[in-house]
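All remarks here apply to the structure that follows.
As the structure is a prediction and not an experimental result, all values here were calculated from the model. The analysis underlying the following values was restricted to heavy atoms, covering all of them including side chains, and did not include hydrogens, waters or symmetry mates.
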Amino acid sequence: MWAWLLAGFMAYIPANLYPMLETTTLGKTQSNTLLGGVVELVLQQSYAVAAIVFVASIVIPIGKFVAISYLAVQVQRPDRHTVHLKHRMLEVVEFIGRWSMIDVFVVALLSSLVQLGTVVSVKPGIAAISFALSVVCTMLSAMSFDSRLIWDTDSKDSV
């Protein structure tokens with residue numbers, strides 16, 4: 001579980017440093033990182049889309065890293081939080097994992113649909129692959145987390 005989580009975090013770093021999407025319009029190429037794309041959308045006054053991209057690309061992945069790490073530490077050192085809260089947290093992380101690939105799907109869809117020769121072309125950047133790898137690793141990390149350990153910490157607390 002820790003290995004998958006670490007691999008996901010390692011892949012998330014280049015996903016934020018390198019371009020996610022490269023757009024060429026009339027010979028002028030523009031590339032944006034995840035955060036750069038959010039800033040560009042805000043500058044174009046597309047606030048709703050910028051908020052969706054920010055939440056899906058920045059907030060949710062970081063939240064998944066924090067939640068899985070928290071759960072992994074808590075099964076080793078139980079605290080006063082309820083078992084049901086920890087189990088619900090794991091369910092939320094697993095549910096969100098299914099929707100985390102939406103950024104990659106959008107990049108793939110744009111790349112395949114927007115190809116107008118010399119006028120406009122859209123190509124996925126290296127960050128798209130890194131982001132997809134990060135999402136897959138965090139999904140595997142959440143799936144490999146043994147939820148029975150949460151219940152085991154409850155029985156240790158009550159003894």
Side-chain angles (χ1 to χ4, degrees), residues 1-75 85-147 149-150:
M1 193 261 335
W2 281 108
W4 286 120
L5 187 64
L6 183 61
F9 184 73
M10 297 289 286
Y12 188 68
I13 293 169
N16 283 287
L17 295 177
Y18 293 103
M20 176 65 90
L21 198 63
E22 295 177 359
T23 309
T24 304
T25 307
L26 297 173
K28 181 184 169 194
T29 301
Q30 181 181 1
S31 59
N32 283 317
T33 61
L34 288 172
L35 199 53
V38 171
V39 170
E40 187 70 31
L41 288 167
V42 168
L43 293 175
Q44 293 178 7
Q45 298 179 349
S46 298
Y47 302 116
V49 177
I52 291 169
V53 171
F54 181 74
V55 168
S57 304
I58 307 293
V59 174
I60 289 176
I62 291 173
K64 283 171 47 179
F65 291 127
V66 170
I68 294 169
S69 299
Y70 172 80
L71 288 170
V73 168
Q74 289 305 309
V75 296
L85 177 67
K86 293 176 192 174
H87 195 48
R88 178 69 64 191
M89 185 184 292
L90 181 61
E91 288 176 350
V92 168
V93 167
E94 287 178 344
F95 176 77
I96 289 173
R98 298 177 192 144
W99 294 96
S100 297
M101 288 292 260
I102 196 147
D103 296 355
V104 178
F105 289 138
V106 168
V107 169
L109 187 65
L110 280 173
S111 299
S112 64
L113 292 179
V114 184
Q115 297 298 330
L116 300 175
T118 58
V119 179
V120 176
S121 71
V122 177
K123 296 179 186 174
I126 189 70
I129 296 167
S130 296
F131 190 81
L133 183 61
S134 175
V135 169
V136 168
C137 287
T138 55
M139 286 174 64
L140 290 170
S141 176
M143 289 171 47
S144 66
F145 184 83
D146 188 2
S147 62
L149 294 173
I150 295 172

Next on the checklist: Determine whether V53 and V49 satisfy the following criterion, side chain to side chain contact (heavy atoms under 4.5 Å, CB included), listing intermediate values before the conclusion.
Outcome noted: CA-CA 6 Å; V53 171; V49 177; 4.3 Å; yes
Item to check | From CA spacing to verdict: side chain to side chain contact (heavy atoms under 4.5 Å, CB included), N32, V38 | outcome: CA-CA 9 Å; N32 283 317; V38 171; over 6 Å; no
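Note that the CE atom of M20 and the OG atom of S57 stand 5.5 Å from one another [nearest 0.5 Å]. Rounded to the nearest 0.5 Å, atoms CD (E94) and CE (M89) are 13.0 Å apart. Taking CG of L21 as the reference point, atom CG of L34 lies at 10.0 Å (rounded to 0.5 Å). Here L5 contributes atom CG and L71 contributes atom CG; the two are 10.5 Å apart, rounded to the nearest 0.5 Å. Put simply, CD1 on I60 and CZ on F54 are 11.0 Å apart, with the number rounded to the nearest 0.5 Å. Taking CZ from F145 and CG from L90, the interatomic distance works out to 6.0 Å, rounded to the nearest 0.5 Å.
Contacts of E40 classified as salt bridge (Lys or Arg N to Asp or Glu O under 4.0 Å), with partners at least two apart in sequence or in another chain: none.
Looking at heavy atoms from C-beta onward, I96 lies in side-chain contact with V92 at the 4.5 angstrom threshold.
Of all the heavy atoms in T33 and L17, the pair that sits closest is CG2-O, 3.6 Å. Between W4 and S144 the shortest heavy-atom distance is CD1-OG, 4.0 Å. The minimum heavy-atom distance between T138 and G8, with the atom names listed, is CG2-CA, 4.5 Å. The shortest non-hydrogen separation linking A72 to W2 is CB-CZ2, 3.3 Å. Annotation for C137 and A7: closest pair SG-CB, 3.9 Å, computed over non-hydrogen atoms. Across every non-hydrogen atom of F131 and A56, the tightest pair is CZ-O, 4.0 Å.
Ring orientation note: the planes of F65 and F9 are nearly perpendicular, at an angle over 60° on the 30°/60° scale.
Counting only residues at least two apart or in different chains, side-chain hydrogen bond (donor to acceptor under 3.5 Å, both in side chains) contacts with residues 126-135 are absent. Note on residues 133-146: pairs passing salt bridge (Lys or Arg N to Asp or Glu O under 4.0 Å), not counting sequence neighbours, are D146-R148.
Side-chain N or O atoms of S141 include one that pairs as donor or acceptor with a backbone N or O of M1 at under 3.5 Å.
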